[in-house]
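Values below: all heavy atoms of this structure, side chains included; hydrogens, waters and symmetry mates excluded. A, B, ... follow the sequence lines: proteins, then strands. Residue 1 opens every chain.
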Amino acid sequence: MRSLLGGSALRLLLIHAEEFSFEARQKAIPSAEEVSPERKSGSARNALVVFCTVEKADGKNPDAVVEAATNEVVEVFDKVRASEVVVYPYAHLSKDLAPPTLAVEVLKKLEQALMDKGLKVFRTPFGWYKAFTVKCLGHPLAELSRTILPEEAKLAEKPEEVEAAKSTFVVLTPEGEEYPLDMKNPLSCQVLERDPALKQLVLNEAGLKEERAAPPHIKLMKRLELVDYEPASDIGHFRFYPKGAVLKEALEEFATQIAVRDLRAMKIETPFLYRLDEPDIAEQAARFRERDYRLEVDDREFTLRFAGDFGLFKMMKDVTMSYKQLPIRVYELAPSFRLEQRGECVGLKRLRSFTMPDLHCFCKDLGQAMNEYRELFKQYTRLANSMEIDYAVAFRVVKDFYLENKEWFVELLKIVGKPALIELLPEMKHYWVAKHEYQAIDSTGGNMQLVTVQLDIEDAARYGINYVDEDGSKKGCIILHSSMGSIERWIAAILEQAAKNIASGKPPKLPLWLSPIQVRVIPVSKAFLEYAESLAKILEAKGFRVDVDDREETVPKKIRDAEVEWIPFIVVVGEKEVSTGVLSVRERGVGTYQVQLEELIMKLNNAIGDKPRVPSYLPLRLSMRPRFAA
RNA sequence: GCCCCGGUAGCUCAGCUCGGUAGAGCGGCAGCCUUGUAAGCUGUUGGUCGCGGGUUCAAAUCCCGCCCGGGGCUCCA
């Protein structure tokens, strides 16, 4: 906006006109363009009329100005779907006019540049008093003004490339070998062939992604009666059907297990809503660049939390911590809200309301923080591996930190057993010196961030989170921020993995511990219903999610329905089973076999391991289950 | 936020070009069959054609606006 007050620039006023006509009456200046009689008047329909003023400063770099202006005009032209362009010299947009010779030069170049872009253009003569009529269409884009600054025009040729070019990339293997990675030609890096997920991540990062179809998890989440859009809410807020609720709870329970049982973190809860007149809240919110939900209550402005940090930092500020107590780990399963752009909210990949298992470690020094990091890394790797999905590992590190601690990175990679993309930042750009991400690769080749840990050496001091050291003095902590992704995104990643199976001809499935129904018992006829139910109740008592298909359908039909529902274990019971006590089990993706009940239970226990066992949210009898969707 | 595509029965979709009585399959319901590892048979129910306005004797169909969804771009602790 500075250019409207001072400075000097090419000024454009764009009108999308239903009709436009003009007539040149008489010369206004001696150096007026000489024109033939047929160019002295004209008209156009559905035209983009470009009123255009050339200023003195445009003379510094006329070609760049013309190029930038051309791009602006073409962009608007395409948007409004005009059929021709009128370039209209219009001195009245400026007090700092360019000399006529320069003005004509720029205008002619603009005309030519627009024609080169394939547009139908006519330019009204320069230096004349002209009569004109213009009938503006009056839609939102029908009237626009643009100011092209010469300095911006120069920058426009290489937008922000400077910034991005600063990072360099390498691939590091668990064996400690380092390979340079040229993002302009990433495929030349042979080591990527070792890890297809990493290769895909690098291609995405290099901007080489191809056109993608809709992510298949959206259809799957509906078809499997898990999750669906809720049109009565804002975009990106979902409804969870009972089967989706089981899946979500199992994932939440697993995250909590890792945090509370395995890492001995302290679980807390903090409010969702925060006052913006609190300075540190306002500062945190500002760092999030208007992607938070705002609302006003009783004349006071509030923000909905976009992560657990607000309440956590407030809480930790008041905590008295001794160096002897560190590291301190704090966990919150934090429903969070982010006002993501509408177009960005697609399925479960990115939501405006989601659930984030948020773990922070408060450490006394860098050494302790790096040990903590390793602990988190171990546990989160176990988490990622439990999902049975493909993922890639990426680190973002300040270069000096990487060079000093390369061995530590290799150690981490040994835990996960995969090579990693390492982005080396020339300097501290964020509050962290190092972070890593586990990125799931979906069935269309896109990636989504699941887990992240960030090593933060700044925030504690800023928010007054201190511990008391040996000498009695207060010192700021080193903070590890970590998120075990979002529960919803894990669901997306798991469904995407299933979609990959479908594409490669394998039967899609969910990990057993996440299947809403793990075992379905199918009685061959009504006569065996009671037996089927007693069997189901035994399995249920052992902690499995079971149901019984008691519907009046044929066995093949019931088998089919169970397979369509991706049920991992199907047990058919009839005369044979009652008399022999041996069960006929159909295992998804494996086949049919005979086992004793005890063997089946052992098999299920082994497959589930120590993953959470949440009870079924569905009726035992299939006939009693209502249909929520699909 | 911008551009493109879509919204028809609970679900998946046809019909829309060229306006003239809203269709199929699945599901639901009823009956027959009495069931052994991916769909037994017959009948039947079910729709303010996303919402609002306009054009027309007549609109699912043509026009305008909005809402919802999908894709791309942009953006992205």
Side-chain angles (χ1 to χ4, degrees), chain A residues 75-76 78-81 137 139-141 159-160 207 209-216 218-219 222-223 225 228-236 284-285 287-292 306-309 336 338-347 349-350 356 358 396 429-432 435 437 444 446-449 452-456 458-459 481-483 486 507 520 522-529 549 551-567 569-578 583-588 590-594 623 626-630:
Chain A
E75 193 188 336
V76 175
D78 288 341
K79 271 184 200 163
V80 303
R81 302 170 163 268
L137 277 164
H139 59 76
L141 295 176
E160 307 199 8
K209 54 185 176 184
E210 294 156 20
E211 286 267 307
R212 298 220 168 98
I218 296 168
K219 285 210 164 176
K222 297 181 186 198
R223 226 210 61 217
E225 268 187 312
D228 209 343
Y229 292 93
E230 177 48 78
S233 182
D234 189 14
I235 192 169
Q284 272 172 288
R287 283 162 75 191
F288 204 59
R289 291 202 223 152
E290 297 177 12
R291 287 205 289 134
D292 54 338
F306 49 76
D309 302 31
S336 301
R338 296 185 180 185
L339 198 54
E340 304 290 0
Q341 293 183 64
R342 289 192 78 81
E344 191 53 56
C345 299
V346 172
K349 281 180 84 168
R350 178 159 295 181
M356 187 158 57
D358 222 354
R396 323 279 169 186
K429 274 206 304 207
H430 308 277
Y431 53 89
W432 42 264
K435 71 162 181 168
E437 299 147 10
T444 61
N447 56 286
M448 48 186 156
Q449 180 177 316
T452 184
V453 180
Q454 301 165 348
L455 179 53
D456 172 4
E458 280 187 355
D459 270 352
H481 302 253
S482 79
S483 148
S486 92
R520 170 159 298 164
I522 297 179
V524 159
S525 75
K526 251 190 284 188
F528 304 99
L529 179 56
D549 192 344
R551 297 172 307 162
E552 302 263 333
E553 296 287 353
T554 60
V555 171
K557 172 69 187 242
K558 291 180 184 179
I559 297 280
R560 182 186 145 81
D561 286 348
E563 292 286 3
V564 166
E565 215 182 313
W566 300 5
I567 290 176
F569 289 87
I570 302 167
V571 182
V572 178
V573 294
E575 182 53 43
K576 271 183 269 174
E577 287 70 25
V578 172
L583 297 178
S584 172
V585 175
R586 182 183 165 113
E587 185 178 339
R588 185 166 179 79
V590 174
T592 305
Y593 49 81
Q594 320 299 318
S623 67
R627 195 169 270 269
F628 283 86

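Nucleic acid contact for A/Ile235: sugar-phosphate only, since backbone atoms but no base atoms lie under 4.0 Å from a heavy atom of the residue. Using a 4.0 Å heavy-atom cutoff across all strands shown, A/Pro215 reaches sugar-phosphate atoms only and no base atom. Across all strands, A/Arg342 comes closer than 4.0 Å only to sugar-phosphate atoms, never to a base (heavy-atom distances).
Computed from coordinates, the A/Glu340 CD to B/G1 P distance equals 13 Å when rounded to whole Å. One interatomic measurement links the two molecules: NZ of A/Lys349 to C1' of B/G71, which rounds to 12 Å at whole-angstrom precision. Following rounding to the nearest Å, A/Arg338 (CZ) and B/C75 (P) show an atom-to-atom distance of 18 Å. Whole-Å rounding puts the A/Arg291 CZ to B/G1 C1' distance at 14 Å. Straight-line distance from the CG atom of A/Asp456 to the P atom of B/A77: 15 Å, rounded to whole Å. The interatomic distance linking A/Arg627 (CZ) with B/U12 (P) rounds to 12 Å, in whole Å. The nearest whole Å value for the distance from the CD atom in A/Gln449 to the C1' atom in B/C75 is 15 Å.
Between B/G1 and B/C66, the two P atoms lie 12 Å apart (nearest whole Å). On the C1' atoms, B/U55 is 22 Å away from B/G15, given to the nearest whole Å. B/C13 and B/C49 have their C1' atoms separated by 13 Å, given to the nearest Å. Annotation: B/G20 and B/U56 have their C1' atoms spaced 12 Å apart (nearest Å). As rounded to the nearest Å, B/G31 and B/U37 have C1' atoms that lie 27 Å from one another. With both ends at atom C1', the span from B/G54 to B/C73 equals 34 Å, rounded to whole Å. Here, B/G25 and B/G43 have their P atoms 10 Å apart, quoted to the whole Å. Comparing the same atom, C1', in B/C18 and in B/C32 gives a spacing of 47 Å after rounding to whole Å.
Residue A/Arg350 places a side-chain atom within donor-acceptor reach of the base of B/C76, judged by atom type and a 3.5 Å distance cut-off alone.
For the OP1/OP2 pair of B/U12 and a distance below 4.0 Å, the side-chain nitrogens and oxygens of A/Arg223 include no atom meeting the criterion.
In terms of the side-chain contact (heavy atoms from CB on, under 4.5 Å) criterion, residue partners of A/Ser482 (sequence neighbours excluded) are, by chain and number, A/Leu359, A/Leu376, A/Tyr380, A/Val453. By the side chain to side chain donor-acceptor pair (under 3.5 Å) test, A/Arg350 pairs with no residue at all, sequence neighbours left out. Under the salt bridge (charged side-chain N to carboxylate O under 4.0 Å, His left out) criterion, A/Glu563 pairs with A/Arg586, A/Arg588, not counting sequence neighbours. For A/Asp456, there are no salt bridge (charged side-chain N to carboxylate O under 4.0 Å, His left out) partners, not counting sequence neighbours. In terms of the salt bridge (charged side-chain N to carboxylate O under 4.0 Å, His left out) criterion, A/Lys558 has no residue partners (sequence neighbours excluded).
Each of A/Trp432 and A/Val346 lies near RNA chain B, and the nucleotide nearest A/Val346 is the one positioned closer to the 5' end.
The residues A/Asp561 and A/Arg520 are annotated as not salt-bridged, no charged nitrogen and carboxylate oxygen being separated by less than 4.0 angstrom. For A/Lys526 and A/Glu552, the salt-bridge test passes: some basic side-chain N is under 4.0 Å from an acidic carboxylate O.
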Could you go through the side chain to side chain contact (heavy atoms under 4.5 Å, CB included) check for A/Phe528 and A/Glu577 one step at a time?
CA-CA 10 Å; A/Phe528 304 99; A/Glu577 287 70 25; over 6 Å; no
Before giving the answer on side chain to side chain contact (heavy atoms under 4.5 Å, CB included), spell out for A/Glu437 and A/Arg396 the whole-Å C-alpha distance, their side-chain angles and the decisive distance to 0.1 Å.
CA-CA 8 Å; A/Glu437 299 147 10; A/Arg396 323 279 169 186; 2.9 Å; yes
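B/C2 and B/G72 make up a base pair, with Watson-Crick or G-U wobble contacts both under 3.5 Å. The base-pairing partner of B/C62, taking Watson-Crick or G-U wobble contacts with both distances under 3.5 Å, is B/G54. With a cut-off of 3.5 Å on both Watson-Crick or G-U wobble distances, the partner of B/U34 is given as none.
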Could you encode protein contacts along nucleotides 34-40 of chain B as a string, one character per nucleotide from 5' to 3', using B for base contact, S for sugar-phosphate-only contact and - for no contact, with a heavy-atom cut-off of under 4.0 Å?
-BBBBBB
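When distances are taken from the side chain of A/Glu344 to each of B/C76, B/C75, B/C13, the shortest belongs to B/C75.
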